[in-house]
Amino acid sequence: MLPEDPIAKHFRLTPLQLSGLKKLRISTVRHLLYHFPARYDEGGTEAPITGLIAGTSATIFGTISKLETRRSWKRKIPVGEAVITDATGSIKVMWFHQPYLAKKFSDGMYVKAVGTVSGKSGKPYLANPQVEAADPSDTGMFLSKNKTRDASLFAVYPESRGITSLWFRHAIEKVFSAGLIFDTISDPIPGDIVSRYNLPDLKRALLYIHKPEELKHAEAARKRFAFEEIFAIQLARAKERAENNAQVSFPIRDGTALAERFLSSIAFAPTKAQERAIADILADFERPHPMARLLEGDVGSGKTLVAAATAYAVVNSRPLGRTSGTLQVAYMAPTEILANQHFQSFVEYFGKLPINIALLTGSGCKKFPSKVAKDNATDISRAQLLKWVANGEIAMLVGTHALIQKSVTFKHLAYAIVDEQHRFGTRQRRALARKGDLTAEQIPIPHFLSMTATPIPRTLSLTLYGDLDLSILDELPPGRAKITTSIVKPGERADAYEQVREQLKLGRQAFVICPRIEEPDPEKWNALQAKSAKAEAKRLAKEVFPEFRIGLLHGSVTAKEKDEVMKRFAAYQIDILVATSVVEVGINVPNATMMMIEGAERFGLAQLHQLRGRIMRSSHKPFCFLLPETKSEISIKRLKALVETDDGFKLAEADLKTRGAGDLFGRKQWGVTDLGMEALKNIKLIRAAREEAQSLVAKDATFAKYPALAARIANTGGLHQE
């Protein structure tokens, strides 16, 4: 049995089990080995069969008999059955969806069974127990009061329909019994690092994590695999950084003087945080290799001004060896509406300066200034715009992902700014640069700035963005009104609606955020009470705010429909916009100063903070109402952090400490396992992995001596990526 063998090669699987494994993203033996237990249950108290109580865990010893397989009468699911008998009585054993387990034993075998006692009073049975052959001389401690034994530990795995923890335990046992796996699987962590941090090697760690004899064994294994995951990510980032630093960039001359000239042309002074960020970027421009930097700042902290000041320095610099022409800047936004907003912002910033700015989206193209009316932008054809970009006439191009299409070529792209797209890495930057008319060997790589309004915990930044330097905007420009955030109890909802109504009468606008798009199917999701955007929009229009105009926005609409709704909202044709968290990024409506968030406890603190940032874009007083569905003290206490602080970075750290690590920001967004997310709480582990990664890359960035490590790094987005 080899690590890369398909699961189906070694296990007889039903269609339901194949579907369950697919949902868990398990298709190979390696995937199975790296599907780690979520927790460990003890076997329970050893007890005689007579007297077992439903709902308790128990360990019993006895003789197994009456083994058979059948289908259940009501649900028609496959079931394995048996009876276990000791000196005091008998109890039925039932394995649901795993009838093959009944074929592992034969009548008369002496076994040990561990499981939960189920069934009604008087008719108990063991549901899906762990059963194994036992020594007949081991009669159980209830027959010998002087005899004691450590409780057994049983791994409990993340499950899917048809794939239970019991299935995983038997599957892992089969893999281990095959033996060959330990002869063919290589430890990706170099031996000296394993020894330096007193980690178990891979073989021992796999045994410890799946079949621990003691909890300390499982803890040691989890520490080792957490280190492995973080170490692999750090190595990938360190390798990217080394590749970046080996490239050449366009030299930006006199950046400081140029940025100061721009700042003197605007009507307000930058904050100290903006000044620091601008200085960081200008210092990077003077280095011989391309900049790679992440700029973090809350909504409204002034990231666009930082981008404008540094972009001005670039577009007023000449290409190397040239006395005419200009270097170019590309600004990529995640949505068309945000691209339009930033295009307008740069037009306002550069309107009095001789700079050609253009907009490229799927909906059309614009250029500023117009040759006819120099104070206005004009619509132009895509073909004409691409021609001007290619010959260098357009100094700054703003757009969506359309910027990286094959048809777009730059003459001298020196600076790429990407909004909310942090993993736009070295290879994509190189692809952007190689749209020019030079040979590949001569092309300088553009400086790169990623900007985000998502507050990110420091350990996450150190891990996932190890290839990027970090600048933080930790203050808001003066004149912004401080937000008031309130937790609304069920009996206070009418008062909250009335506060919203009063602000609407004053001409303000509001968001109502819902966790879901549609009402769930009650037969499938009867426990899910989360409000849906569609149903809430209808209810508010009919019962609560019939006198106001209500709009609806969610992730299922097309980009064109989304932009149309937001244009209407920005044009004050909608008073209340009911939406999902799709409004979290890229929407700027200064007149919207109220937000009601239904099911607030379903969102992370950082996400809630970013949502309420949508109503902090003007001098008007903003109000945010959190409407939780639960009365849980833990959930309410967590939400109180939003009431007490508007510091996004503090909230992100609090989220990491108090919320389930796998839920932080959404695990899929980062490509990190639950174990890796849990490790992000351990700053010592992060630093150790970072130091070891940087040291190893400095010695050998190709990992020629460590093929297993190179393979692991290639798969850093998660072992289950295909």
Would you check if [X] and [Y] make a side-chain contact, meaning some heavy-atom pair closer than 4.5 Å?
X	Y	result
L338	Q341	yes
R293	I281	yes
V314	F250	no
F368	F350	no
I404	V408	no
L305	T271	no
Q274	L473	yes
I355	F346	no

Distance-only, no hydrogens or angles: does the [X] side chain make a donor-acceptor pair with backbone N or O of [Y] under 3.5 Å?
X	Y	result
R612	L642	yes
D187	G191	no
Q328	L397	no
T645	A641	no
K303	L295	no

Looking only at heavy atoms, what is the nearest atom pair of [X] and [Y], with distance?
X	Y	result
N244	P290	ND2-O, 2.9 Å
A309	F262	CA-CD2, 3.5 Å
A307	M451	CB-SD, 4.1 Å
A390	K411	O-CB, 3.4 Å
A313	I252	O-CG2, 3.9 Å
A708	P188	O-CB, 3.8 Å

With a 4.0 Å cut-off, would you call [X] and [Y] a salt bridge?
X	Y	answer
D474	R276	yes
R196	D192	yes
R241	D469	yes
E691	R687	no

Please report the interatomic distance [atom1]([X]) to [atom2]([Y]), rounded to the nearest 0.5 Å.
X	Y	atom1	atom2	value
M566	I337	CE	CD1	5.0 Å
E260	L282	CD	CG	9.0 Å
L403	L360	CG	CG	5.5 Å
C624	L611	SG	CG	8.0 Å
K387	I394	NZ	CD1	12.5 Å
R224	N198	CZ	CG	12.5 Å

Quiz item: For I189, which of F227, Y706, Y197 qualifies under side-chain contact (heavy atoms from CB on, under 4.5 Å)?
Solution: F227
Quiz item: Aromatic rings H447 and F285: how do their planes relate, parallel, tilted or perpendicular, breaks at 30° and 60°?
Solution: tilted
Self-check item: Aromatic plane relationship, H342 with Y331 - under 30° parallel, 30 to 60° tilted, over 60° perpendicular
Solution: tilted
Quiz item: Can you tell me if CG on N245 sees more than 12 non-hydrogen neighbours from other groups inside 6.0 Å?
Solution: yes
Quiz item: Just wondering, more than 12 heavy atoms not from K621 lying within 6.0 Å of its NZ?
Solution: yes
Exercise. Check the pair L608, T485 against side chain to side chain contact (heavy atoms under 4.5 Å, CB included), reporting the backbone distance first and the verdict last.
Key: CA-CA 11 Å; L608 288 168; T485 302; over 6 Å; no
Quiz item: Do the two ring centres, one from Y312 and one from Y349, sit under 6.0 Å apart?
Solution: no
Quiz item: Residues two or more places apart in sequence or in another chain: which of them pass ring-ring contact (aromatic ring centres under 6.0 Å, His included) with F703?
Solution: none
Self-check item: Working for side chain to side chain contact (heavy atoms under 4.5 Å, CB included), residues L327 and Y415
Solution: CA-CA 8 Å; L327 296 180; Y415 189 17; over 6 Å; no
Quiz prompt | Within residues 359-370 or reaching into it, pairs that qualify as side chain to side chain donor-acceptor pair (under 3.5 Å) - sequence neighbours excluded | solution = E336-S363
Practice problem: Go through Q234 and I686 one step at a time and tell me if the side chain to side chain contact (heavy atoms under 4.5 Å, CB included) criterion holds. | Solution: CA-CA 9 Å; Q234 294 281 14; I686 300 296; 3.9 Å; yes
Exercise. Assess whether side chain to side chain contact (heavy atoms under 4.5 Å, CB included) is satisfied between E286 and M291, documenting all intermediate values.
Key: CA-CA 9 Å; E286 295 180 1; M291 174 181 72; over 6 Å; no
